[in-house]
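Single-structure report; data block below.
Here the structure is a predicted model, which is why all the values come from computation and not from measurement. In the text below, chain A, chain B and the rest are named by the order of the sequence lines, each starting its count at 1.
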Amino acid sequence: MNQKVRVRFAPSPTGGLHLGGVRTVLFNYLFAKQNGGDFIVRIEDTDQTRFVEGAEAYIFETLKWCGMVPDESPLHGGPFAPYRQSERKANYKQYAEQLVKAGYAYYAFDTPAELEEMRTNYKTAENPSPQYNHALRDKMRNSLFLPAEEVTALLSTNTPYVIRIKMPTDETIQFTDMIRGEVSFHTSQVDDKVLLKADGMPTYHLAVVVDDYQMQISHAFRGEEWLPSAPVHLLLWKYLGWEKEMPQWAHLPLILKPDGNGKLSKRDGDRLGFPVFAMDWTDPKTNETTIGFKERGFLPEAFVNLLAMLGWNDGSDQEIFSMLELIEKFSIDRVHKGGAKFDYEKAKWYNHEWIKRMPAKHLELSVQKLFAEKGITITDDSLLAKAIDLVKDRCTLMPDFIQQASFFFELPAEIDIAAVKPKWDEKKNMFFTELIRAYELSTLWEAPGLEIEFKELAAVNQLKPGELMLPLRIMLVGGKFGPGVFDIAAAIGKESTIERIKQVMRLLE
RNA sequence: GGCCGGUUCGUCUAUCGGUUAGGACAGCCCCCUUUCACGGGGCAAAGACGGGUUCGAUUCCCGUACCGGCUACCA
């Protein structure tokens, strides 16, 4: 029995990685790191017909973005390489053969058409989906019921065949799931799953057992959708003689659609207008891009945080956790049994919280990039930091910084002149003319001083500051939003402030 | 249909048999703010149903209902 904690995430490279997948990685990762163990990524590409170009690279980019670096993987190498099942192909057949020899599995020569025929022939109202199982296998063409000579003949003439597990007719398979406790199945209800396909590739069922064994996996976490096939895996561990090395299982609850029911899919995101994939994914065949959390403007810290809280909590009221805190506090026995509906509003709340807490320094690079995409070049780093600190409280998603802060770096794109024009008069015009003069003479350009000067001048002119502050805001910002006006004036500087006042005054003439 | 799993406010959830069933998001109201937010305060909102066990059940057991997953030579 290996003591060392070793977990694996075993994705199939068929497209973008979605929420549920990333959460599975996260729980694996947290568990491994908490226990000083290894986090392995193994690519389950046994179905060559479903291979999608770029999907594997995408998986690793996603893990990197989330801050979960594998200790072993096809990309990072490791002592149990290769980590791609397609490259381990030669490995599996011998075990399938071993099972046949021991009487735990058998050759099946049924063609796809024959299987189809069986399903339609035996389909009844009570049994809408007949299985290839103990009750039906004697009706099929397999090494269990065909004469030995015929089997030999079929084999020697290279007739395509698969190897199926021979499920016992009457046994109870029980195991302890780390999340669900005791779970049991009756073998009569489980079908004779294919272990080795006609193309020589193993199915998931065989591959996961062989690889978990060879890679010395200590704990196997996967989605709840795998629970029904757990008895097959348990039996395989036993039949292969590795029972003592079998990992502990944990079947994670599913992430469900926000509305209605069922597990969350990419389509729900398209339909409801929120991301489901971690990052943008472009399907190489259709060239269609599906938006990701990253590109929508989520911080990886927030993404990880919100995923962790979908089905887990530490028992306290704390909701904001960093990766380090999660590693420290995560516990598999506090993971829920029931699925959780995904709530995009709450997801945004996590991001908002993270943006608010994030020091401006950490945000600078991505904000700068966002601006660059809009054609705004930032040359003054200290102004950028100041601007970020001033507006981050009002940014939920990263692109909000464009709306909230671009006026710091360029003249307002639009001026809401209608907000001031109706109440604009000669007295106000005079006030701002005098304000320009006063500000031109200012030696100390700081918010409190600017505000005092402004208010004093208003008093001299017998005007209420309230009636003047909105016009000033429109002049500097362009609209009815943003941080305190004098903070803005202080940040953009004397020259720009005066220029903006003058410009709008001209528009008001 | 069968098998397996699940079920506390609209949503995410706390509760290790005894609570006015707590928090958060969203909603509504108020305060703060001479903009928009942030922030603060408040309102409304839940144990699917029926049986047990128990002095006492949201909590333990059984049944029902409902929801989900699986039922491929896909993972």
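- For B/C38, neither phosphate oxygen OP1 nor OP2 lies less than 4.0 angstrom from any side-chain nitrogen or oxygen of A/Arg357.
- Residue contacts for A/Asp110: at a heavy-atom cut-off of 4.0 Å it reaches a base atom on one of the strands shown.
- Within 3.5 Å, a donor on the side chain of A/Lys346 pairs with an acceptor on the base of B/A24, or the reverse.
- At the heavy-atom level, A/Lys356 lies under 4.0 Å from the strands shown only through sugar-phosphate atoms.
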Under the ring pair (Phe, Tyr, Trp, His ring centres under 6.0 Å) criterion, do A/Phe293 and A/Phe303 qualify, and how do the steps go?
CA-CA 8 Å; A/Phe293 278 86; A/Phe303 186 56; 4.8 Å; yes

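- Residue A/His336 is classed as a sugar-phosphate contact, given heavy-atom separations below 4.0 Å to backbone atoms only.
- To the nearest angstrom, P of B/A14 lies 6 Å from CZ of A/Arg334.
- Between A/Tyr344 and A/Trp349, the gap from one ring centroid to the other reaches at least 6.0 Å.
- By the 30° and 60° cut-offs, the orientation of the rings of A/Phe454 relative to A/Phe431 is perpendicular.
- Within 4.0 Å (heavy atoms only), A/Val162 reaches at least one base atom of the nucleic acid.
- Counting only N and O atoms by type, the side chains of A/Asn127 and A/Thr124 include no donor and acceptor under 3.5 Å apart.
- Nucleic acid contact class of A/Thr46 (heavy atoms, under 4.0 Å, all strands): sugar-phosphate only.
- Within the 4.0 angstrom heavy-atom criterion, base atoms lie near A/Leu115.
- Under the 30°/60° scheme for interplanar angles, the aromatic rings of A/Trp281 and A/Tyr58 are found to stand perpendicular.
- For B/C3, the paired base is B/G69 (Watson-Crick or G-U wobble, both distances below 3.5 Å).
- When heavy atoms are screened at a 4.0 angstrom cut-off, A/Ala340 is found touching the sugar-phosphate backbone but no base atom.
- As judged by a 4.0 angstrom heavy-atom cut-off over every strand, A/Ser184 is placed among residues touching the sugar-phosphate backbone only.
- Ring geometry, A/His251 versus A/Phe175: the interplanar angle exceeds 60°, so the pair is classed perpendicular (tilted spans 30 to 60°).
- Contacts of A/Arg222 with the nucleic acid, taken as non-hydrogen atoms under 4.0 Å apart, are absent.
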For nucleotides 33-37 of chain B, tabulate all protein N/O to nucleotide N/O atom pairs closer than 3.5 Å, reporting atom names and distance.
unit_1	atom_1	unit_2	atom_2	d
B/U34	N3	A/Gly466	N	3.0
B/U35	O2'	A/Lys480	O	3.0
B/U35	N1	A/Arg473	NE	3.2
B/U35	O2	A/Arg473	NE	3.4
B/U35	O2	A/Arg473	NH1	3.1
B/U35	O2	A/Phe481	N	3.2
B/U35	O2	A/Phe481	O	3.2
B/U35	O2	A/Gly482	N	3.4
B/U35	O2	A/Gly482	O	3.4
B/U35	N3	A/Arg473	NH1	3.2
B/U35	N3	A/Arg473	NH2	2.8
B/U35	N3	A/Gly482	O	2.5
B/U35	O4	A/Arg473	NH2	3.3
B/U35	O4	A/Gly482	O	3.2
B/C36	O4'	A/Lys480	O	3.1
B/C36	O2	A/Arg394	NH1	2.1
B/C36	N3	A/Arg394	NH1	2.2
B/A37	O2'	A/Asp393	O	3.4
B/A37	N3	A/Arg394	NH2	3.3

